[in-house]
Each structure stands twice: as C-alpha cells, then as structure tokens.
Amino acid sequence: MLGLNFPSVMGVLNVTPDSFSDGGRFANKDRALRQARQMIADGAAILDVGGESTRPGAAVVSEQRELDRVIPVIEAIRAESEIPISIDSSKPGVMRAAVAAGAVLINDVRALQADGAMATAVDLQAPVCLMHMQGDPRSMQIKPHYVDVVAEVTQFLEERVAECVAAGLRRELLLVDPGFGFGKTAAQNVELLANLRQLQRIGCPVLIGISRKSTLGAISGRDVDDRMAASIAAAVFAVLQGAQIIRAHDVKETVDAIRVAECLAKAGKGQ
Ligand code: YH5
C-alpha cells in the first residue's frame, strides 16, 4: 500500500501556529514547506501534515482554521514533490479537501468515529490509519484505565477494522496504530510498546508514533527537546517488533537507525 518499502519513516509536519506568531499564516506555511523539503531530503517515505494539535489538553480547532492551515501546505508540497502525504485529521471536510489537494492517506487519531468520517473515507476509498485513543485529547490523561492495555487496544483496533470493512473500506486500505500517549499512563505505554508484536495479529500494517513523547521523558529523564536518542531507541525496538511505519520528528536519524536495525534483523538466522 502507498508504494512504501517497509519499515519506513513518516515525518511529522505540524502546521499549528506557535504562541508567538499571530496572523502568521504565510510564515507558518513557509516554515512548513522548508521543513517538508528537509524531511524529504532526509529520507522520509511519507509526510504527515496536521493542523489540529492533539497533545494532551489541547484546544479544539474549527474546520475552517484547520483547512486554512493544512491545504496550502499540501498544495505547496505537491507542486514540487511526489512524496506521499498523509492528512492528520478527524474532520470529514478536511479529509476530503486534503485528498483533493493530493494527500493519499488519512491519519485519524479518532479512528473514523467522528460524525461523517467513516462515510467520507469510504467515499474517497483512501487508505486510513486507525488509531486507538481512550477518551479525547482534552481529558485523556486524567485517569486512563485498563485491565489489560495490550488486549484492549488490540480488540478496539480489530473492531474498528471490522467496522471499516463492513462500511465498504477494503482491508488492504487499513493501517492500525496503538496510539502511544493517547489516554495511557507511562507504564501502559511501556507495556504496549514492549508487546507491540501482538498487534500483528490484526493483519494490517502497524504504524506507531513515539517520537519525543512524555513516556520517553519519564524513562530517560529528558525534556521534550532532548529526547532524540530515546525516540530512536524506541523506534528501533518498534521496528524489531514488526512496526512498518514510524512517525517521527527527527527523520534523518530515525531513517539511519531503522535501516541498520532492519539490515541486522534480516541477516540474523532467527531462533
Ligand atoms: C500517533 O502516535 N501522535 S500528535 C506529545 C508530545 C510529543 C509529540 C511532548 N498524531 C500520533 O506527536 N498520529 C500524534 O509530548 C499521531 N499516531 C498517529 N497515527 C501527538 C504527538 C506528540 C504529543
């Protein structure tokens, strides 16, 4: 799917304004485009363009604002590169406009559960990444609770895959993602990553986003700007557990690391 060689790196391209620039829509677009060029040069297989912050506690963004942020960036990348683009959104209108502008994958942290999202994906017949989240971004970190996090995340994703197939999305169009950090404690994230191989059972390629997330801060003691090594260790581990796409901020380093890990894993005799 998507013509990717697995495992591959999905570069994170946030088009959310920082708190210091207001009215900086063009500045944001230019910054995003420069970052996109760099990630392409660094070996990203796909770029994930997002205009809604889904960090814990983040505010809701209107559809128009999300469109204003992401569509010009997708068009600008498309004008100069063939790189596959994914749209990180849960809103049907944004999915539709992004695909019309050249995006080839819908990355939905709400797994097509928003009103109209499933019907839109079926209509577009676009590949979709279905992610697990407990709760919503505003409140998800308040008291995440699971009896068995690995079993429950796997079951949720299996059910969503079945619902997508029943609604008319071919199974080959679907990817699954355990949603590292989305309604999970650090201990639950560790348990999920340590047992990522279990998700292979679903039969869809596994995507995972661990880059810079707070669980890595909890393990390493590092601040968010100093988590590259921790992120790469987690990415390598995920690849060795069968993850096919790694969503990452530090594309160049992550590409090198997973290439080496994959080369060594393939050359081994197994046991
Ligand atoms: C993901 O895992 N994550 S946005 C908090 C951080 C650092 C990074 C410092 N979109 C995923 O990247 N899509 C996001 O703490 C995603 N899988 C998929 N499929 C959150 C993010 C981040 C949050």
Side-chain angles (χ1 to χ4, degrees), residues 2 8-16 18 35 39 44-61 66 69-70 84-91 94-95 98 103 105-114 117 121 126-138 140-141 144 153 156-157 160-161 174-186 188-189 192-193 196 199 202 204-228 230-232 234-235 238 243-251 254:
L2 304 167
S8 53
V9 172
M10 166 187 270
V12 179
L13 194 60
N14 286 321
V15 200
T16 45
D18 60 57
Q35 215 183 328
M39 291 196 293
I46 181 163
L47 298 181
D48 189 39
V49 178
E52 178 205 24
S53 175
T54 42
R55 288 188 181 209
V60 175
V61 178
E66 216 177 301
R69 289 176 182 172
V70 298
I85 296 170
S86 76
I87 175 65
D88 189 345
S89 181
S90 300
K91 296 187 178 74
V94 177
M95 295 172 183
L105 170 68
I106 296 167
N107 174 28
D108 184 3
V109 300
R110 294 176 185 81
L112 301 181
Q113 293 175 106
V128 181
C129 177
L130 301 165
M131 198 195 78
H132 174 274
M133 165 161 49
Q134 186 176 91
D136 60 74
R138 214 166 20 84
M140 65 191 178
Q141 291 310 109
V153 167
F156 170 85
L157 293 171
R160 290 309 293 158
V161 167
L174 302 172
L175 301 131
V176 294
D177 181 334
F180 201 78
F182 285 83
K184 286 126 191 146
T185 63
Q188 289 157 353
N189 287 316
L192 260 181
L193 180 55
L196 195 66
L199 293 196
I202 302 168
C204 296
V206 172
L207 185 156
I208 187 164
I210 34 200
S211 184
R212 299 184 184 172
K213 286 185 180 174
S214 62
T215 296
L216 303 181
I219 298 170
S220 65
R222 301 292 183 192
D223 289 339
V224 63
D225 295 328
D226 197 14
R227 294 180 188 159
M228 186 163 75
S231 300
I232 288 169
Q244 281 96 339
I245 303 182
I246 304 293
R247 185 178 179 276
H249 300 86
D250 301 295
V251 169
T254 310

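When a ligand or atom number is given, it counts from 1 through the structure's own listing order. Numbering starts at 1 and runs along the sequence shown.
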With a 6.0 Å cut-off (strictly less than), is the heavy-atom count around CZ of Arg222, excluding the residue itself, greater than 12? no
Indicate yes or no: does an N/O atom of Ser211 lie under 3.5 Å from an N/O atom of ligand 1? no
For the residue pair Glu52 and Ser89, confirm or rule out a side-chain donor-acceptor distance under 3.5 Å. no
Decide yes or no for Val128 and Met95: does some side-chain heavy atom of the first lie under 4.5 Å from some side-chain heavy atom of the second? no
Tell me which protein heavy atom sits closest to atom 5 (C) of ligand 1, plus the residue, atom name and distance to 0.1 Å. Arg55 CG, 3.9 Å
Give me the residue, atom name and distance of the protein heavy atom closest to atom 13 (N) of ligand 1. Asn107 ND2, 3.1 Å
First locate atom CD of Gln141, then atom OG of Ser214, and finally report the distance between them rounded to the nearest 0.5 Å. 6.5 Å
In terms of its nearest heavy atom to atom 6 (C) of ligand 1, the top option of Arg247, Lys213, His249 is Lys213
Do Asp250 and Arg212 sit within salt-bridge range, that is, some charged N less than 4.0 Å from a carboxylate O? yes
Proximity to ligand 1 by part of Asp88, non-hydrogen separation under 4.0 Å: side chain
N or O contact, Gly209 vs ligand 1, cut-off under 3.5 Å: yes
Yes or no on salt bridge (charged side-chain N to carboxylate O under 4.0 Å, His left out) for Arg247 and Asp88, after CA distance, side-chain angles and deciding distance? CA-CA 11 Å; Arg247 185 178 179 276; Asp88 189 345; 3.4 Å; yes
Just which atoms of ligand 1 are under 4.0 Å from any heavy atom in Thr54? 4 (S)
Per-atom contacts, ligand 1 versus Met131 - under 4.0 Å to a heavy atom: 1 (C), 17 (N), 18 (C)
If the contact criterion is a heavy-atom separation under 4.0 Å, does Val12 count as touching ligand 1? no
Do any nitrogen or oxygen atoms of Asp48 lie less than 3.5 angstrom from nitrogen or oxygen atoms of ligand 1? no
Numbering the atoms of ligand 1 from 1, which are under 4.0 Å from a heavy atom of Val224? 9 (C)
Distance under 4.0 Å to a non-hydrogen atom of Leu207: what atoms of ligand 1 satisfy this? 19 (N)
What protein heavy atom sits nearest atom 18 (C) of ligand 1, and how far away is it? Asp177 OD2, 3.1 Å
Could you walk me through whether Ile87 and Leu105 pass the side-chain contact (heavy atoms from CB on, under 4.5 Å) check? CA-CA 6 Å; Ile87 175 65; Leu105 170 68; over 6 Å; no
State, yes or no, whether a side-chain contact exists between Leu130 and Leu175 at a heavy-atom distance under 4.5 Å. no
Among side-chain atoms of Ser90 and Asp108, is any donor-acceptor pair under 3.5 angstrom? yes
